Asks: 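Dumping the structure here so I can ask a few things about it.
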Number of protein chains: 2
Amino acid sequence: MKNSSRYTVAIHVLTLLAYCGSEPVTSEFIAGSVNTNPVVIRRLLANLRAAKLVSSQGGPGGGWQLLKAAKQITLREVLAAVDGGSIFPMHSSDPNPRCPVGRAIQVVLEGHFKSAQLALEKDLQRTTIAALVESVKSTS
Amino acid sequence: MKNSSRYTVAIHVLTLLAYCGSEPVTSEFIAGSVNTNPVVIRRLLANLRAAKLVSSQGGPGGGWQLLKAAKQITLREVLAAVDGGSIFPMHSSDPNPRCPVGRAIQVVLEGHFKSAQLALEKDLQRTTIAALVESVKSTS
DNA sequence: CCTATGCGTAACAACATTAGTTACAGAAAA
DNA sequence: TTTTCTGTAACTAATGTTGTTACGCATAGG
């Protein structure tokens, strides 16, 4: 995941929101659970809001809430929300087009990479935020 | 993939070695195909050698060769060779153990992450370097 | 209308990772 | 012995990630 913890933190936050029920939760409170800065949380949640997973409310009593039922949110959509593109980065500078392998390798790999990523996503789709809440509760 | 092109380049290099047959190929030649510096290639190939995928030979006429038949090398082993650990990084600093969610989330996620990564690897296992060589040759 | 609260975002710093480069020691073939 | 390679350390530059401060703006509640 791009060597970043954004995906893990996003799942953590959504699980926390589901765990807290329907009450709005502030970014400061969330940051306390994740152990980071509220701004980091707000930046991440802005992505999840763009994906229609959460909503935000300003002012006193405001905060963040799930926009979909926890049972309807899968780890697959969370991944798509925080890390849009491909799991496998291509060459940083394009390979040599005068080499037969260099010329073709990216096109050839693209299909295999997409297939592998699809397999990954299919597996992630099996898990919902609601399931994680249950697991968290039973991990007493 | 850690936001690095190492995996893609590794596949490129192995495909090139297979494409070139049994002749040793120098890191300079490989770098010409990948469009990078020979030292970058040697560093990467050092990993693949540690995984027993290639061998190196110094001196004139030396270079790099496959140590296994291209048909026996799958994209799964290549991934393991260049990027040992987990696809999904956990929190950069540990979550708050005084929060029920923060306390449990990592343990809960670990299983789901491993399952997803296994699905990914199972798919990558279906493709061999030999198959890539064929695809490259037919992409004329 | 005022105030406190909380989001939205820009700007910046600190740090880690990636990629590229130079340099040089050492092994091996001819 | 010379040439051709690998093996690696050291350094730079570019980029990405994370954390932090600061401040504008909207809103709820008196």
Side-chain angles (χ1 to χ4, degrees), chain A residues 1-10 12-13 17 20 23-50 54-65 67 82-96, chain B residues 1-10 12-13 17 20 23-50 54-65 67 82-96:
Chain A
M1 269 339 75
K2 279 186 166 180
N3 213 13
S4 109
S5 60
R6 286 170 53 84
Y7 182 45
T8 296
V9 173
H12 178 162
V13 171
L17 291 182
C20 290
E23 292 297 298
V25 184
T26 70
S27 61
E28 189 176 351
F29 181 87
I30 299 171
S33 171
V34 175
N35 192 19
T36 182
N37 193 288
V39 176
V40 174
I41 297 298
R42 292 204 288 267
R43 281 199 289 236
L44 179 62
L45 280 169
N47 284 4
L48 301 182
R49 182 182 48 208
V54 299
S55 64
S56 64
Q57 188 77 34
W64 301 83
Q65 279 173 296
L67 206 57
V82 300
D83 193 50
S86 168
I87 298 289
F88 302 105
M90 285 287 173
H91 305 66
S92 52
S93 57
D94 279 344
N96 189 344
Chain B
M1 272 338 79
K2 280 185 165 182
N3 211 12
S4 108
S5 59
R6 286 170 54 83
Y7 182 43
T8 295
V9 173
H12 178 162
V13 172
L17 291 182
C20 290
E23 292 297 298
V25 184
T26 70
S27 61
E28 188 176 350
F29 180 86
I30 299 170
S33 171
V34 175
N35 191 19
T36 182
N37 193 289
V39 175
V40 174
I41 297 298
R42 292 204 289 268
R43 281 199 290 237
L44 179 62
L45 280 168
N47 284 4
L48 300 182
R49 183 181 47 206
V54 301
S55 64
S56 63
Q57 187 76 37
W64 300 83
Q65 279 174 296
L67 205 57
V82 300
D83 193 51
S86 168
I87 298 290
F88 302 104
M90 284 290 173
H91 304 66
S92 53
S93 57
D94 280 344
N96 189 345

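What you are looking at is a predicted structure, and each value in this text was computed from that prediction instead of being measured. Order of the sequence lines sets the chain letters (A, B, ...), proteins ahead of strands, with each chain counted from 1. Heavy atoms only: backbone and side chains are in, while hydrogens, waters and symmetry mates are out.
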Asks: Quick one: OG on S55(B) to CG on L45(B), what's the gap to the nearest 0.5 Å?
Replies: 10.5 Å

Asks: Whole angstroms only, please: what is the CG-P distance between D94(A) and dG20(C)?
Replies: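 Atom-to-atom, D94(A) to dG20(C), this comes out as 12 Å.
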
Asks: In whole angstrom, give the distance that lies between atom CG of L44(A) and atom C1' of dC7(C).
Replies: 15 Å

Asks: Rounding to a whole Å, what distance do you find between N35(A):CG and dG19(D):P?
Replies: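 Taking atom P of dG19(D) as the reference, CG of N35(A) is at 8 Å.
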
Asks: Kindly point out which of dC7(C), dT18(C), dC5(D) is positioned nearest to the side chain of S4(B)?
Replies: dT18(C)

Asks: Could you tell me whether the phosphate oxygens of dG8(C), OP1 or OP2, come under 4.0 Å of any side-chain nitrogen or oxygen in S56(A)?
Replies: yes

Asks: Using atom CD of E28(A) as one end and atom P of dT21(D) as the other, report the distance to the nearest whole Å.
Replies: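 It works out to 12 Å between those atoms.
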
Asks: Quick one: label Q57(A) by what it contacts on the DNA or RNA (base, sugar-phosphate, nothing), any heavy atom closer than 4.0 Å.
Replies: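 Touches sugar-phosphate only.
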
Asks: For a quick check of understanding: with a heavy-atom distance under 4.0 Å over all strands, which category does N3(A) fall into, base, sugar-phosphate or nothing?
Replies: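 N3(A): backbone/sugar contact only, no base atoms under 4.0 Å.
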
Asks: Between G59(B) and S92(B), name the one whose nearest nucleotide on DNA chain D is closer to the 5' end.
Replies: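 The residue mapped nearer the 5' terminus is G59(B).
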
Asks: Hey, what's the ring geometry for F88(A) with Y7(B), parallel, tilted or perpendicular (30° and 60° as the breaks)?
Replies: tilted

Asks: N37(B) and side-chain contact (heavy atoms from CB on, under 4.5 Å): which partner among I41(B), V40(B), N35(B), V34(B)?
Replies: V40(B)

Asks: Can you tell me which nucleotide in dA23(C), dT9(C), dG6(C) comes closest to the side chain of T26(A)?
Replies: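 The answer is dG6(C), which lies nearest to the side chain.
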
Asks: Rounded to whole angstrom units, what separation is found between the NZ atom of K2(A) and the P atom of dT17(D)?
Replies: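 Interatomic distance, NZ of K2(A) to P of dT17(D): 6 Å.
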
Asks: Is any N or O donor-acceptor pair between the side chain of R42(A) and the base of dT20(D) shorter than 3.5 Å?
Replies: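 No, the side chain and the base share no sub-3.5 Å donor-acceptor pair.
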
Asks: According to a strict under-4.0 Å criterion, is S27(A) in side-chain N/O contact with OP1 or OP2 of dC7(C)?
Replies: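 Yes, S27(A) has a side-chain N/O under 4.0 Å of OP1/OP2 on dC7(C).
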
Asks: Can you tell which of dA9(D), dG20(C), dT4(D) lies closest to the side chain of V39(B)?
Replies: dA9(D)

Asks: To the closest 0.5 Å, what do you measure between CZ (R49(A)) and CD (Q65(A))?
Replies: 13.0 Å

Asks: If each of G58(B) and N37(B) is mapped to the nucleotide of DNA chain C with the nearest heavy atom, which maps nearer the 5' terminus, i.e. the 5' end?
Replies: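 Its nearest nucleotide lies further toward 5', so the answer is N37(B).
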
Asks: For the pair made of NE2 in H91(B) and C1' in dT18(D), what is the distance, rounded to whole Å?
Replies: 14 Å

Asks: Nearest 0.5 Å please: distance from the OG1 atom of T36(A) over to the NE2 atom of H12(A).
Replies: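 Here the rounded value is 11.0 Å.
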
Asks: Report which part of the nucleic acid R6(B) touches: base, sugar-phosphate, or nothing (heavy-atom distance under 4.0 Å, all strands).
Replies: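 Since only primed, P, OP1 and OP2 atoms lie under 4.0 Å of R6(B), the category is sugar-phosphate.
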
Asks: So, under a plain 3.5 Å distance rule, would you say the side chain of R49(B) forms a donor-acceptor pair with the base of dG7(D)?
Replies: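 Counting by modelled atom types and ignoring angles, no donor-acceptor contact under 3.5 Å is found here.
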
Asks: Using heavy atoms to find the nearest nucleotide of DNA chain D for G61(A) and T36(A) separately, return the residue whose nucleotide is more 5′.
Replies: T36(A)

